[in-house]
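The structure under discussion appears below in the form of structure tokens.
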Amino acid sequence: MTILQLEGVSKKFGALTVAEQISFAVGEGEALGIIGPNGAGKSTLFNLITGNIATDSGTIRFCGSDVTRASPMARCLSGMGRTFQIPQPFEKLTVFENLLVAGSFGSRRQEHEVSVRCAEILGDTGLIDKANVPAGGLTLLQRKRLELARALATEPKLLLLDEIAGGLTEEECRSLVATIRAIHAKGIAVIWIEHVLHALNSVVERLLVLHFGKVIGIGKPAEIMDSRAVREIYLGIEI
Amino acid sequence: MALPSFQVETQTKASAVFGIAAAAALLIAFAAPLLVSRGVIQDLFFILTMLVLAQNWNLLAGYAGLISVGQQVFVGFGAYAMFGCVILFGVDPLVAVLIAGVLSTLLAIPTAFFTFRLYGPYFAIGTWVVAEVVRLLLAQWKALGGGTGTSLPRDATRDMLGVGLMRDVFDMKASQAGDALTYWLALILAALTVGFIYRLLRSKQGLGLAAVRDNEQAARAVGVDARRMKAFVYLATAFITGIAGALIYVQKARISPDAAFSVTDWTAYVIFIVVIGGIGTVEGPIVGVIVFFLLQNLLAGYGSWYLLVLGLIGIGVMLFAPRGLWGLVSDRTGIQLFPVRRMLKGGSLNQTSKGGPHG
Ligand SMILES: Nc1ncnc2c1ncn2[C@@H]1O[C@H](COP(=O)(O)OP(=O)(O)OP(=O)(O)O)[C@@H](O)[C@H]1O
Ligand SMILES: [Mg+2]
């Protein structure tokens, strides 16, 4: 069963084409990695999927229904959880309250029904000590963890992660990978944009390569990493 | 990960004590017309109605992020609606006050339709334009005195619901009974407004509202219906502001378009109150209205210097205490009288960190 399907999705910002006839599908519970150079259009692709940016053409289906024109809110409620590449915390709310908002609104339940789950997510993402601190006081790394934690609190069927491993130490990176594996093991589908390839490849089942808004390869990580196109684009980049 | 049981707390020790003190103060305030002079009652009426307006503006700007400089439209429209009901249809002024609230809410629907298309500063300008348009329209209404205004018929306030009863029970003169009655209504309105806003902020919707204020894009991404939430707040504040406007003009008994739609009286002063008290807290407008009243009396003899000094104080507070006087107190002492923070307790949490107020 596919959970997400894009067909011929295109987007231009003025003369700049950031998505060109993008078509691919993600299965239920699948983990897909997205790689591509800076400015390739990866984050824009996420924004098209979540509805933050409207498509010029093409259709997006999620869980069997056409969501091409649905609002970001509606897409969240139907089971899409996302992180922002540049973290967007609710700065004056505490870390715990950030999760409470996501938990209660994202899963249409009352605060008291989701509070324990939110606390557990804080434990899983290593933010429990910051629970009662306003999110505006967090460091960049903590903000990125909060992005992940908040997305999880909405109880997504599909989790979209945009570069959450950058700047981590080896140790932190290993624990992040373990966290994402655990999420994936629960049957949540994951699409993960990441430049840290070894972390990405230890989680995802397939890789998608984006270049100037075009999909230039999709398949098993090993095959993709071996392909000519990827080697050219990533020439000089450590794998 | 197995975690020991968690609880969520919002109550603080200070807030529990304050709750009892507030209930006692409310009781004393109810008895005030029997204890103090008519002049004091009129002052208290002014303080209470300004508090209602300030709480509403604070909810609008400090929580829904809707910075309106046109709230005088609901004061003026509510007041005119009440005058219209009384003069044209002979409705009792107190009933007319409620009708005014409903009509103000109805007016808010088309104005929201127009202003919600505008963002940030354009929204603010839009609200002001709407207020001017409504003022100019009502100034054409000859039956209500056109541009020069009119007065409530004397017997309308004399025979107002409850006035007769109070004359008999407390042996008051009609004018005195009228003042006491409007004062009690203002007291009830202020208590209900604070209660309503505080309840809203503690509810799930209040949390969503705070999220929208902090980051609208992220709020939508986690399933918060930001538009609906803002629309609800806009309509609710229109209702309460309309009632407050009507009540203020039952007490004044004389209306003119320039006074009823005064941007200085019903918006600038109100913003001043919220800013010096502390925006984004329930306590802020309460502190603000007291400071405003004291300043107004202190500077009463200085004419236009008065406005200048108010402006300077406002700017000073914005620069040096952006979270207002209540923010200063609350930062120093950690006291919150109307706590809305959801504190996570229990589990393996260390208990040292304090959340501070939402604003
Ligand atoms: N709102 C916008 N308006 C105009 N151009 C935009 C907008 N958003 C992104 N772009 C441009 O579109 C291109 C793709 O941007 P995008 O953020 O999707 O890249 P990316 O693949 O996520 O890059 P990175 O790896 O640096 O995050 C870039 O050239 C960017 O400057
Ligand atoms: Mg990006």
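A, B, ... follow the sequence lines: proteins, then strands. Residue 1 opens every chain.
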Any donor and acceptor pair, going by atom type alone, linking the side chain of [X] with main-chain N or O of [Y] inside 3.5 Å?
| X | Y | result |
| --- | --- | --- |
| Trp326(B) | Val282(B) | no |
| Asn58(B) | Ala54(B) | no |
| Asp66(A) | Arg61(A) | no |

Select one option (side chain, backbone, both, neither) describing which atoms of [X] are under 4.5 Å from chain A's heavy atoms.
| X | value |
| --- | --- |
| Val8(B) | side chain |
| Ala219(B) | both |
| Gln205(B) | both |

Side chain / backbone / both / neither for Asn52(A) at chain B, heavy atoms under 4.5 Å: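 The side chain, not the backbone.
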Determine the minimum heavy-atom distance between [X] and [Y], stating which atoms define it.
| X | Y | result |
| --- | --- | --- |
| Gly324(B) | Val317(B) | CA-CG1, 4.0 Å |
| Glu30(A) | His184(A) | C-CE1, 3.7 Å |
| Val289(B) | Ile273(B) | N-CG2, 3.3 Å |

Pairwise ring-ring contact (aromatic ring centres under 6.0 Å, His included) hits with a residue in residues 194-233 of chain B, at least two apart: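 Pairs touching residues 194-233 of chain B that pass the test: Tyr198(B)-Phe338(B).
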Got a list of side-chain donor-acceptor pairs under 3.5 Å for residues 108-115 of chain B, not counting sequence neighbours?
unit_1: Thr111(B); atom_1: OG1; unit_2: Leu107(B); atom_2: O; d: 3.4
unit_1: Thr111(B); atom_1: OG1; unit_2: Ala108(B); atom_2: O; d: 3.1
unit_1: Thr111(B); atom_1: OG1; unit_2: Tyr234(B); atom_2: OH; d: 3.0
unit_1: Thr115(B); atom_1: OG1; unit_2: Thr111(B); atom_2: O; d: 2.8

Between [atom1] on residue [X] and [atom2] on residue [Y], distance to nearest 0.5 Å:
| X | Y | atom1 | atom2 | value |
| --- | --- | --- | --- | --- |
| Phe96(A) | Asn132(A) | CZ | CG | 8.0 Å |
| Thr241(B) | Gln55(B) | OG1 | CD | 11.5 Å |
| Gln5(A) | Phe24(A) | CD | CZ | 10.0 Å |
| Phe272(B) | Thr267(B) | CZ | OG1 | 15.0 Å |

For chain B, the option from Arg109(A), His112(A), Arg108(A) that forms the most heavy-atom pairs under 4.5 Å: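 Ranked by heavy-atom pairs under 4.5 Å with chain B, first place is Arg109(A).
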Neighbourhood of chain B inside residues 68-86 of chain A, taking heavy atoms under 4.5 Å as contact: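 When heavy atoms of chain B are the reference, residues 68-86 of chain A contributes Pro72(A), Met73(A), Cys76(A), Leu77(A), Arg82(A), Phe84(A) within the under-4.5 Å range.
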Interface residues of residues 142-178 of chain A facing chain B - non-hydrogen atoms under 4.5 Å apart: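 Residues of residues 142-178 of chain A touching chain B at under 4.5 Å: Arg150(A), Thr154(A).
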Interface residue of largest heavy-atom contact number with chain A, from Ala218(B), Ala226(B), Ala221(B), under 4.5 Å: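 Sorted descending by pairs with chain A, the first entry is Ala218(B).
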